[in-house]
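Taking it in order: structure first as structure tokens, then the write-up.
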2 protein chains.
Amino acid sequence: MSVSILDVAKRCGLSTVTVSRVINNTGNVREESRQKVLAAIRELGYTPNAAARSLVRGKTGLIGVVLPDLKGLYTSRVVVAAKAKLLEKGYFLSLFLFDDITREDNARYILDEQRVDGFFVIAPGLESPVLEKLKRYNLPVILLDNQYALADYPYVEVDDYLGGVMAAEHLIGLGHRQIGYIDGPNMLCCHERRAGAIDTLRKHGLRLLCEGGGDIYDFSVGYRVANRWIERGTIPSAVIGVCDSVAAGAIGAFKEHGYRVPQDISVVGFDNIPLYNNYSPRLTSVEQPVPTIAEKSVEMLLQLLAGRELTSRFLKLPPRLVVGESTRPVNS
Amino acid sequence: MSVSILDVAKRCGLSTVTVSRVINNTGNVREESRQKVLAAIRELGYTPNAAARSLVRGKTGLIGVVLPDLKGLYTSRVVVAAKAKLLEKGYFLSLFLFDDITREDNARYILDEQRVDGFFVIAPGLESPVLEKLKRYNLPVILLDNQYALADYPYVEVDDYLGGVMAAEHLIGLGHRQIGYIDGPNMLCCHERRAGAIDTLRKHGLRLLCEGGGDIYDFSVGYRVANRWIERGTIPSAVIGVCDSVAAGAIGAFKEHGYRVPQDISVVGFDNIPLYNNYSPRLTSVEQPVPTIAEKSVEMLLQLLAGRELTSRFLKLPPRLVVGESTRPVNS
DNA sequence: GTGAAAGCGCTAACAC
DNA sequence: GTGTTAGCGCTTTCAC
């Protein structure tokens, strides 16, 4: 078996309580005893058992992230950042794949058995069943990328509507009048971005040439839509892609047909993920404030863990327009 | 507080022991008592506490996956498949981001505190520090995508060399003589794929036109290398990309310059991930046996968990060539 | 079939 | 400062 606190106590001739005090820096321990304990710990290679600790403390020190897969570049950034923040606070991040929340066995391990003290949910498209499930539990939860406004769970979000506004205003400011928009799947963030763009154009008396993607958003979507426009001869002077990949796909189509970006057509993306940087000009992109998302959501979760009320339950963060080399004033 | 086994026992007028027996299907319990217990459990919404269980059983029921980020499409597939397999066996998969294994706090939570019964390591580029760390622990570990052959940890791998051979033979079989290869970063799998292709061509008295990528492999790499070939006028009649994204990037470059795939140039990728399916013709690709990887690695881990010796410590699985529409016989 | 008792490894409360 | 005692929630003997 592995070495326990009792072994350490025996080894250094003190009680388990004193050892515990040294480990946790609680209570007063004479420096001399302290050194003895530390020596014994080192010699034996002792480390506390998490299960025993969790049992007696009633908490695990583990924060879960519930997410559907590992595909997201954007997700990865947020999660990695949140992990680092939590580590500073003594919590550890553990990721759980929730491909199908409705399956009992999925829920059992994470929720029923109280393996985490709280968690983040990133589950685009899976919200309703996940949240349905969560109602029964009293665990602190922060939604990170929720797609339905329905829930009254606390969340941290990006103001996607504002993002749409920013993208549109940037292009209008450059003199563009014929602006195309390549849409993503039926998700809240896509709706918002599009709505922001549409409203902004309307304010200027313009109409958005908007065409939808399929049920995912990737390079192919941008490529296909842009090609459709080219075939039809309805080519805008500027295009907004619902994300950087889509924008890159559109650029791909334009390049193939001899249009240059940004000389002939300006293109704006979302997320500012440098995925196609050597393929297209560096994209002008609406960037998500990843560090702030991580920081704020961790802060909120820690508040809940401490049993405090949240000062603000719903946080909507502004994105930031990063101007690259894919946009320029319209040719007059 | 949450409801415990004692509450259930009181509620149904039986002892905690009997309740435990019902929960775990161990020992004999009269059907009548059994029903009483189940009713009480249902009424109280009882679920066993994982910490208490782990403590007494000496195991957690959790399997960890150590991985550097969440970016991998291929990784995602493997992990999702492994998760499902493990669930069948009563284990749950928990992912841990090990961005920097050398940091003490990272290791402490996962390893020292015995939070998992065993784990998989997917850590391209991080092997040596990770494995260094692991030596101290006696936890069952299976390497899933290791890049250095150095370790004597059990692993499940794909025979990438064979994959390179398959890709090359396919093209040679179609009559191609000028074959280009677009390489990836300095990792074992890339070396192997390339070596397989080179050796195969050599056997046929041919030389591979091989050009390297940067430190990642993505669309841009394929695009850049193919463009270089076009500029130089050294355009092969067939191209192998170290992965599907790279292959797609090459196709992008060809398309832009008026070359058609597969009519003018054949292209083969690796991984068979349908990422650019609406952009390029459906790729001919060397597919990894994801379900088998998951199945076998789980099987091996379970063997280790059961304290048994592994029948085979090192498993190298053959990939499979999936012929799509991006390759055809060379124009004579 | 069922339950009483003991114990997994740790910490909090209370003495000394 | 330090140790004794008790108990977190559960399972595993071992009686009955």
Side-chain angles (χ1 to χ4, degrees), chain A residues 1-41 44-62 90 108-109 111-117, chain B residues 1-41 44-62 90 108-109 111-117:
Chain A
M1 252 354 279
S2 74
V3 1
S4 82
I5 198 171
L6 191 62
D7 300 320
V8 177
K10 279 183 191 155
R11 174 83 168 215
C12 65
L14 291 157
S15 76
T16 60
V17 183
T18 306
V19 176
S20 172
R21 285 193 182 115
V22 171
I23 297 168
N24 299 296
N25 278 319
T26 70
N28 291 328
V29 179
R30 195 190 310 156
E31 184 53 27
E32 192 187 322
S33 313
R34 185 189 168 64
Q35 289 307 330
K36 271 196 215 158
V37 170
L38 290 175
I41 288 177
L44 266 44
Y46 165 79
T47 49
N49 175 301
R53 271 190 157 164
S54 303
L55 183 56
V56 64
R57 295 213 258 228
K59 47 178 284 186
T60 61
L62 227 47
R108 201 181 52 222
Y109 275 88
L111 301 173
D112 293 346
E113 302 190 355
Q114 310 147 49
R115 288 184 189 266
V116 296
D117 296 336
Chain B
M1 250 354 278
S2 74
V3 1
S4 84
I5 199 171
L6 192 61
D7 301 318
V8 178
K10 279 182 194 155
R11 174 83 170 211
C12 65
L14 291 159
S15 76
T16 60
V17 183
T18 306
V19 176
S20 172
R21 284 190 183 117
V22 171
I23 297 168
N24 300 296
N25 279 317
T26 70
N28 292 329
V29 180
R30 197 188 311 156
E31 185 53 28
E32 193 188 320
S33 313
R34 187 189 165 62
Q35 290 306 332
K36 272 196 215 160
V37 171
L38 290 175
I41 289 178
L44 267 46
Y46 165 78
T47 49
N49 175 300
R53 269 192 159 162
S54 304
L55 182 54
V56 64
R57 293 204 242 208
K59 48 178 285 187
T60 62
L62 272 186
R108 203 181 53 222
Y109 275 88
L111 300 172
D112 292 347
E113 302 191 354
Q114 310 148 49
R115 288 184 189 266
V116 295
D117 296 338

Phosphate oxygens OP1/OP2 of [N]: is one of them under 4.0 Å from a side-chain N or O of [X]?
| X | N | answer |
| --- | --- | --- |
| A/Ser33 | D/dG1 | no |
| A/Arg53 | C/dT11 | yes |
| B/Thr26 | D/dT11 | no |
| A/Arg30 | D/dT2 | yes |
| B/Thr18 | C/dG3 | yes |
| B/Asn49 | D/dC8 | no |
| B/Asn28 | C/dT2 | no |

Judged by nearest nucleotide, the residue sitting upstream toward the 5' end of DNA chain C, B/Leu55 or B/Val17, is B/Val17
When B/Gly13 and B/Arg57 are each assigned the nearest nucleotide of DNA chain C, the 5'-most assignment goes to B/Gly13
Notebook entry, point to check: Between the side chains of A/Arg53 and A/Asn24, does any donor sit under 3.5 Å from an acceptor?
Noted result: yes
Indicate whether any N or O donor in one side chain lies under 3.5 Å from an N or O acceptor in the other, for A/Asn28 and A/Arg34. no
Taking any heavy-atom pair under 4.0 Å as a contact, classify [X]: base, sugar-phosphate, or nothing.
| X | result |
| --- | --- |
| A/Ser54 | nothing |
| A/Val29 | sugar-phosphate |
| A/Leu14 | sugar-phosphate |

- Look at the side chain of A/Arg21 and the base of D/dG3, then say whether one donor and one acceptor between them are separated by less than 3.5 Å. yes
note: A/Ile41, atom CD1; C/dG9, atom P; distance rounded to Å ~ 16 Å
Separation of D/dG9 atom P from A/Lys59 atom NZ, nearest Å, is 16 Å
| Expected output: side-chain B/Ser54 to main-chain B/Ala50 donor-acceptor under 3.5 Å | yes
Which of C/dC10, C/dT11, D/dT11 is nearest the side chain of A/Thr16? It is C/dT11
